[in-house]
Every structure is written in C-alpha cells, then in structure tokens.
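All chains are named by letter (A, B, ...) in the order of the sequence lines, taking the proteins before the strands, and each is independently numbered beginning at 1.
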Amino acid sequence: MKKIQKAFFSRDALVVAKELLGKVISYNNCSGIIVETEAYKKDPASHAFKITPRSEIMLNSYGKFYIYFIYGMYHCLNITTNKNDIGAVLIRSLQPLDGISIMKKRRKTSDIHNLLSGPGKLCQALNITKSLNNTNVDDKIKVYYYKNIKNSEIEKTKRIGIKESKDLDWRFYIKNNKFVSK
DNA sequence: TACTGGATTCACT
DNA sequence: GTGAATCCAGTAA
C-alpha cells in the first residue's frame, strides 16, 4: 500500500475529512479502513476555537496526531490539518482490516461491527493512547491509500454542537457502510 | 486549590 | 431514552 504524504494534510479540514474516507490507518499490526470522519475548524464547538496548551498542537501544524482523553475513559484520534491555520479531522469509525482477533480481545467483544465503530472504540481496539499525541503521521501510526471513494458514495451531515452553521457539512461517512458509528 | 463538564460508550429501562 | 462511569483540561479564585 502506498503511504500518504504529509502534504495531504496541509489542506482544509473539510477537504481532508472527505478525502480520508477509504484510506487505511495502521498501528502495531492492527488496521482499518476509514469510513467516517469529522472536520474541526475554528468554531465555538471545537477545541480549535481557543488556543490552549492542549489544542495549540493544531495551530500551524499539519499531519500530526492530536489525541486527547475524554470522559475519563476514552481517547479520540485526530489528525491536524490546515497548513497556515488551525484545524483537525477526527477519525470516527474504521472498517476492520488486519489484527481482528487482537482487536476483539482489547474490545472484549466478538462482534466485528462493534470493534471500531466509534472514536473511543477504535482507539481502544488499536491501543492508541495519549502517549502518541503530537507524533507525526507515519512516525508510529501509518496512513495509506487504499481505495477510491466516489463523491456520490459520500454522505455528509452536520456535526453535533455546531450552532451557527446552516449550510456547512462537517461529518462525512461512506454511504451504506455497516461499520459507521450509530 | 476547587469546580465543571466533555469531539463517548455501555448497561439499563 | 436515560444515566453512570471516570479523568483531566480549562477556568476562576
């Protein structure tokens, strides 16, 4: 599989979020196809709205993993975007590819549809924690080209929590895919 | 130093 | 559909 170059992530979060669909995320022999993403930019519902020590990794950086801990038990995996601005893409769901048996053990389930179908779930299955925060794409976690997703196959929806956007679509997933989060 | 709530998930009802 | 689990970043004092 061909690796994705860092420049891929220099573009706007909305573009990157859409184009990441169908790519593969791989870490320690476990991998999955990205089937759902969410774009984050400078809006009030986003960590990117206010620069803090935690979120400043998103400022003027791209192609880096922004990983944070939430609700006391889960991690969320983002990749920073927007070369000269602030932005990131949250990886929301993957379709399992490699390392399925070990991911089942980590997730304590045998249901393949429940392995990676959520931001917290996929971090648990891939064993991704905050220790990987601020690492570059391809340093430890790899991202590969895998298959092309046509525009007509992509469903767009609003992100939860966005107030001011009436006409912007922020969340992207592959239509009719059984592995997207509910 | 103390308080609040979250880019979630799961077990219940 | 509702609530619990559970830590830590952010904020205010």
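Note on Arg92(A): every side-chain N or O is 4.0 Å or more away from OP1 and OP2 of dA7(B). Phosphate contact (OP1/OP2 of dT8(B), side-chain N/O of Lys182(A), threshold under 4.0 Å): absent. Proximity of Arg107(A) to the phosphate of dC10(B): a side-chain N or O atom is located under 4.0 Å from OP1 or OP2.
Note on Asp12(A) versus Lys41(A): salt bridge recorded, some NZ/NE/NH1/NH2 to OD/OE distance being below 4.0 Å. Using a 4.0 Å cut-off between a side-chain N of Lys or Arg and a carboxylate O of Asp or Glu, Glu38(A) and Arg171(A) qualify as a salt bridge.
Nucleotide dT8(B) holds its C1' atom 13 Å from the CD atom of Glu36(A), rounded to whole Å. Atom OH of Tyr74(A) is separated from atom C1' of dA4(C) by 11 Å (rounded to the nearest Å). Between Leu116(A) atom CG and dT9(B) atom C1' the separation is 14 Å, expressed in whole Å. The separation between Asn78(A) atom CG and dG6(B) atom C1' is 14 Å, rounded to whole Å. The separation between Ile51(A) atom CD1 and dG10(C) atom C1' is 14 Å, rounded to whole Å. To the nearest angstrom, P of dT8(B) lies 13 Å from CG of Leu77(A). To the nearest angstrom, P of dA7(B) lies 10 Å from CG of Leu90(A). For the pair Ile91(A) CD1 and dT8(B) P, the computed distance is 14 Å after rounding to whole Å.
Checking dA9(C) for Watson-Crick or G-U wobble geometry (two distances, each under 3.5 Å) identifies dT4(B) as its partner.
A donor-acceptor pair shorter than 3.5 Å can be found between the side chains of Arg107(A) and Gln124(A). Judged purely by distance below 3.5 Å, without hydrogens or angles, the side chains of Tyr66(A) and His47(A) pair a donor atom with an acceptor atom.
Nucleotides dG5(B) and dG3(C) place their C1' atoms 15 Å apart, quoted to the nearest Å.
The cationic atom of Lys6(A) (NZ for Lys, CZ for Arg) lies less than 6.0 Å from the six-membered ring centre of Tyr62(A) and within 45° of the ring axis.
Contact annotation: the side chain of Asn136(A) approaches that of Lys64(A) to within less than 4.5 Å [non-hydrogen atoms, C-beta and beyond].
When heavy atoms are screened at a 4.0 angstrom cut-off, Arg171(A) is found touching no nucleic acid atom at all. Using a 4.0 Å heavy-atom distance criterion, Lys130(A) is classed as a sugar-phosphate-only contact. Residue-level contact check: Gly72(A) touches the bases, meaning some heavy atom is under 4.0 Å from a base atom.
Of the candidates dA7(B), dC7(C), dC10(B), the closest approach to any side-chain atom of Phe69(A) belongs to dC7(C). If you check dA7(B), dC10(B), dG10(C) against the side chain of Tyr68(A), the one that comes closest is dA7(B). Side-chain proximity of Ser46(A) to dC8(C), dA7(B), dC10(B): nearest is dA7(B). Minimum atom distance to the side chain of Pro53(A) is reached by dG10(C), of the listed dA7(B), dG10(C), dT9(B). When distances are taken from the side chain of Tyr71(A) to each of dG6(B), dA7(B), dT6(C), the shortest belongs to dG6(B). Each of dC10(B), dA7(B), dA9(C) was ranked by its minimum atom distance to the side chain of Ile70(A); first place goes to dA7(B).
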